[in-house]
Amino acid sequence: MAYTVPKLKNYSSVTLDKTAEKLVALLNQESVAVKTEPDWKTFRDRWMARKEGILTQVNDQWLKAAPKEAKRDVGQRVNQLKGRVEQVVSATLERIKSGAAEAELAAERLDISLPGKRRPIGAEHPVIQTMHEIVSVFRNLGYSVQEGPIIETDYYNFEALNFPPNHPARDTQDTLFVANQESKPRRQQLLLRTHTSPVQIRTMEKMKPPIRMVIPGKVHRNDPPDASHSPMFHQIEGLAVDSNITFGDLKGSLDHAMKALFGSKVKTSFRPSFFPFTEPSAEMLVSCFICGGSGKRDLEPCRSCKQTGWIEILGCGMVDPNVFEFVKHNGYDPKKVTGFAFGMGVDRVAILKYGVDDIQLFFQGDIRFLEQFV
Ligand code: DAH
């Protein structure tokens, strides 16, 4: 861009010095930006061209226009400036020839072929995906969703679920207790909940019947980790309480849910079991949705159902009247209401669904494993 040298306001030495300083600053600034020979030619002409160059302008504007008495002084400055310009212009050329400018350029160069910074968005963990799928099957049946604390009291985890103190059924759930709780009454002692069932009690304390709800969440047990066990895992609890709920409702609801989850071809089967908080209690099996119930896959034994054609999927039963006794004050009179409950492991379902052979993979946080489920 053509540069117009400012006119001098007066010819005092202060004004002359200041204006000259500004020009030198501009000269230096432009010199640094020169990186190639064509750049340098433009730079040189801008300052030194006979016709419109900055030096010529200085000569015309300052020296020629100066009154007689100032000519000597102005002449001296103009000469100084000229010397300076010549020096900087030739030093700039040297810098380019020596390769220093090229190195500067190289350092500033942006490789536009490099990949940009990738910011992958997170995705739902496969266990959480499975959890959401199961929950949504029950939401479609009109169930609401409840949650409860992972650190729980002995009362909710055991006592109110009809596990009396020292009852052997407590031994089936290897419990992780919070330390230094001995001074508290037993029912207030803290532990990591071993199942999602305590939220049955918490919900019935809060809400009057009728209720239908599912309770997803994390649970802990003192199980050493191996391919099928983890001290932390996930469950979904279900609870339906109303004035006339029967075992037939339990079977019908769960059969429908399993077909919605695993496909309309799966069958369900119930076999007697025991849980302190249900009476009668059952384990529910679904026909193996991996091998179609035949026990064989491509003529090989099916590993998912251990060739039995059935997969054990949840525990269930009719809510024990003793459990209702603990929440009777909120409308759960065991003479008036009945209900069914169930609890299923989520991680197992995810393992079967995705064909994963080691539950540990879910919790090691290895991106290479997890990103397969995005
Ligand atoms: N809480 C049981 C467990 O973790 C599972 C269970 C069984 C839950 C029967 C229930 C039920 O609600 O009715 O082993």
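In listed order, ligands and their atoms are each counted from 1. Along the sequence shown, the residues carry numbers beginning at 1.
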Closest non-hydrogen atom pair, Leu314 against Gly343: CB-O, 3.2 Å
Non-hydrogen atoms of Gln173 and Phe158 that approach each other most closely: OE1-CE2, 4.0 Å
Atom 12 (O) of ligand 1 [closest protein heavy-atom partner, distance rounded to 0.1 Å]: Glu237 OE2, 2.6 Å
Residue part near ligand 1, for Cys316, under 4.0 Å between non-hydrogen atoms: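 For Cys316, only backbone atoms sit under 4.0 Å from ligand 1.
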Taking only heavy atoms of [X] into account, list the atoms of ligand 1 that are under 4.0 Å away from them.
X: Thr278; answer: 13 (O)
X: Phe342; answer: 8 (C), 10 (C), 11 (C), 12 (O), 13 (O)
X: Ser197; answer: 1 (N), 8 (C)
X: Phe275; answer: 7 (C), 9 (C)
X: Gln235; answer: 3 (C), 4 (O)
X: Gly317; answer: 13 (O)

Geometric N/O contact Ala341 with ligand 1, under 3.5 angstrom: yes
salt_bridge(Arg221, Asp223) N-O dist < 4.0 Å: no
Pair Asp255 + Lys267, salt bridge at N-O below 4.0 Å: no
Winner among Phe233, Phe274, Phe277 once heavy atoms are compared against atom 11 (C) of ligand 1: Phe277
Proximal candidate to atom 3 (C) of ligand 1 [heavy atom criterion; set Met284, Gln200, Glu279, Arg221]: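 Ranked by closest heavy atom to atom 3 (C) of ligand 1, first place is Arg221.
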is_close_aromatic(Phe342, Phe138), centroid dist under 6.0 Å: yes
Centroid separation His195 to Phe233 less than 6.0 Å: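 They do not qualify: ring centres at least 6.0 Å apart.
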Heavy atom of Met344, distance to ligand 1 below 4.0 Å: no
Atom NZ of Lys259: over 12 foreign heavy atoms under 6.0 Å: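 Buried by this count: over 12 neighbours within 6.0 Å.
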Spatial distance of atom NZ (Lys206) from atom CD (Gln146) [nearest 0.5 Å]: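 If we round to the nearest 0.5 Å, Lys206:NZ and Gln146:CD are 4.5 Å apart.
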